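Keep in mind it's a predicted model, so treat the numbers as computed, not measured. Here is the naming used below: chain letters follow the sequence lines, and residue numbers restart at 1 for every chain.
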2 protein chains.
Amino acid sequence: MTDLCKCKQISDKEMQSIIQDMPDAGTMQNLADFFKVFGDFSRLKLLYFLSRTELCVADLSALANMQQSAVSHQLKILRLNRLVKTRKEGTVVYYSLDDMHIKNLFDLALEHLEEQK
Amino acid sequence: MTDLCKCKQISDKEMQSIIQDMPDAGTMQNLADFFKVFGDFSRLKLLYFLSRTELCVADLSALANMQQSAVSHQLKILRLNRLVKTRKEGTVVYYSLDDMHIKNLFDLALEHLEEQK
DNA sequence: CCTATATATGAATATATGTTCATATAATAA
DNA sequence: TTATTATATGAACATATATTCATATATAGG
């Protein structure tokens, strides 16, 4: 790989070291997938609402101003990524955040955006 | 909007309150766009390398095992999102992280992934 | 000026992704 | 059972996005 580098401003040793310390490809891919989930306006809205309180699909649909079907599809993605969990009561399914780290992520990203003004 | 809600497990008052506290749509969109940048394996790799040291395009290309053109395209996205900054020396362009919050984001996300095992 | 090198960029392509529509499933009530 | 309601899901469609290829730009050296 290093032989492709004609610039090579850093030594092979440094390159080796950087590559060795890197999380393995699987972890990096998981990390990218994790961020990707947050990288959508609709999902971000749903997560925000759920950060406030447990909500059923219909209420989420009303709050986010999205079709019920679209909400269900996005909730499925959030569920598969274990960001939300469900509780069923009759025909109503209640969703809530599965992990409170999520709020921290929000805050950190907002902080970053604030500093850019 | 609330009249679309047939489930309405929460009161109109609660809905109003949740919606009023929500960051405005522009901010939410910015937040989504911000996360979207991290939601790609290639960009995440580039950001990781840059979190270690300042690097030129050719070295990034070698480290990430990506074509030079692909690297340039992705670096442009990172630049437009002000995640990296550049320094030019002759024909060589050096890239580095523009903000150290990024490392915190990495760590927080990794922490989240760790807990899911 | 001409050549070589590092980087940037536009167009084309392939793939991924979000929404909609129609419909299926599950649970409850009559 | 039948009807109703809440939610889930598959297919189709439109859009977004990452990569590649070819080429442009910029800088340095001869």
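Distance, B:Leu75 CG to D:dT19 P: 12 Å, rounded to whole Å. We find that NZ of B:Lys45 is positioned 12 Å from C1' of D:dA18, with the value rounded to whole Å. Going from atom CG of A:Leu60 over to atom C1' of C:dT19 covers 17 Å, rounded to whole Å. Between A:Gln67 atom CD and D:dT7 atom C1' there is a gap of 14 Å when expressed in whole angstrom units. Atom CE of B:Met66 is separated from atom C1' of D:dC21 by 15 Å (rounded to the nearest Å). D:dT5 atom P lies 18 Å from atom NZ of A:Lys88, rounded to whole Å. Here D:dA18 presents its P atom at 18 Å from CG of B:Asn65, a figure rounded to the nearest Å. The distance from atom CG of B:Leu80 to atom P of D:dA18 is 13 Å, rounded to the nearest whole Å.
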Q | Candidate pair B:Lys85 and B:Leu97, rule side-chain contact (heavy atoms from CB on, under 4.5 Å), full reasoning | A | CA-CA 6 Å; B:Lys85 57 175 188 274; B:Leu97 288 194; over 6 Å; no
Q: Evaluate side-chain contact (heavy atoms from CB on, under 4.5 Å) for A:Leu83 paired with A:Asp98, printing each intermediate quantity in order.
A: CA-CA 5 Å; A:Leu83 296 178; A:Asp98 194 16; 5.8 Å; no
Q.
Under the criterion side-chain hydrogen bond (donor to acceptor under 3.5 Å, both in side chains), I'd like the reasoning laid out for A:Ser11 against A:Glu14: C-alpha separation, chi angles, the key distance, then a yes or no.
A. CA-CA 5 Å; A:Ser11 68; A:Glu14 285 175 288; 3.3 Å; yes
Q) Given the rule in the side-chain contact (heavy atoms from CB on, under 4.5 Å) test, do B:Met28 and A:Lys45 qualify, once you have shown the distances and angles that lead to the verdict? A) CA-CA 7 Å; B:Met28 289 293 275; A:Lys45 272 193 296 185; 4.1 Å; yes
Atom pairs, N/O to N/O, protein against nucleotides 16-18 of chain C, distance under 3.5 Å?
{"residue": "C:dT17", "atom": "OP1", "partner": "A:Lys36", "partner atom": "NZ", "Å": "3.3"}
{"residue": "C:dG18", "atom": "OP1", "partner": "A:Arg43", "partner atom": "NH1", "Å": "2.9"}
{"residue": "C:dG18", "atom": "OP1", "partner": "A:Arg43", "partner atom": "NH2", "Å": "2.6"}
{"residue": "C:dG18", "atom": "OP2", "partner": "A:Arg43", "partner atom": "NH1", "Å": "3.4"}

Kindly give the atom pairs (protein nitrogen or oxygen, nucleotide nitrogen or oxygen) under 3.5 Å for nucleotides 10-12 of chain C.
{"residue": "C:dG10", "atom": "O6", "partner": "B:His73", "partner atom": "NE2", "Å": "2.8"}

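For the pair B:Lys88/B:Tyr94, no side-chain contact is recorded, criterion being any heavy-atom separation below 4.5 Å from C-beta on.
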Which donor-acceptor pairs under 3.5 Å do side chains of residues 66-73 of chain A form with protein atoms, sequence neighbours excluded?
{"residue": "A:Gln68", "atom": "NE2", "partner": "A:Ser72", "partner atom": "OG", "Å": "3.1"}

For residues 48-58 of chain A, which side-chain donor-acceptor pairs fall under 3.5 Å, sequence neighbours excluded?
{"residue": "A:Tyr48", "atom": "OH", "partner": "A:Arg52", "partner atom": "NH1", "Å": "3.2"}
{"residue": "A:Tyr48", "atom": "OH", "partner": "B:Ile18", "partner atom": "O", "Å": "2.9"}
{"residue": "A:Tyr48", "atom": "OH", "partner": "B:Met22", "partner atom": "N", "Å": "3.1"}
{"residue": "A:Ser51", "atom": "OG", "partner": "A:Tyr48", "partner atom": "O", "Å": "2.5"}
{"residue": "A:Arg52", "atom": "NH1", "partner": "B:Asp21", "partner atom": "OD2", "Å": "2.9"}
{"residue": "A:Arg52", "atom": "NH2", "partner": "B:Asp21", "partner atom": "OD2", "Å": "3.3"}
{"residue": "A:Glu54", "atom": "OE1", "partner": "A:Arg87", "partner atom": "NH2", "Å": "2.8"}
{"residue": "A:Glu54", "atom": "OE2", "partner": "A:Arg87", "partner atom": "NE", "Å": "2.9"}
{"residue": "A:Glu54", "atom": "OE2", "partner": "A:Arg87", "partner atom": "NH2", "Å": "3.4"}

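Residues B:Arg79 and B:Val84 approach most closely at N-CG2, 3.7 Å, considering heavy atoms.
Checked by atom type, the side-chain pair A:Gln16/A:Asp12 shows no donor-acceptor distance below 3.5 Å. Using modelled atom types and a 3.5 Å distance limit, the side chains of B:Thr27 and B:Asp24 yield a donor-acceptor pair.
Between B:Tyr95 and the phosphate of C:dA8, there is a side-chain N or O to OP1/OP2 separation shorter than 4.0 Å. B:Thr91 has no side-chain polar atom (N or O) that falls below the 4.0 Å cut-off from OP1 or OP2 of C:dA6.
Counting atom types as modelled, B:Gln68 pairs no side-chain N or O with a base atom of C:dA6 as donor and acceptor under 3.5 Å.
With sequence neighbours left out, B:Phe38 forms a ring pair (Phe, Tyr, Trp, His ring centres under 6.0 Å) with A:Phe35, B:Phe34.
Taken residue by residue, residues 26-34 of chain A places no heavy atom nearer than 4.0 Å to DNA chain D.
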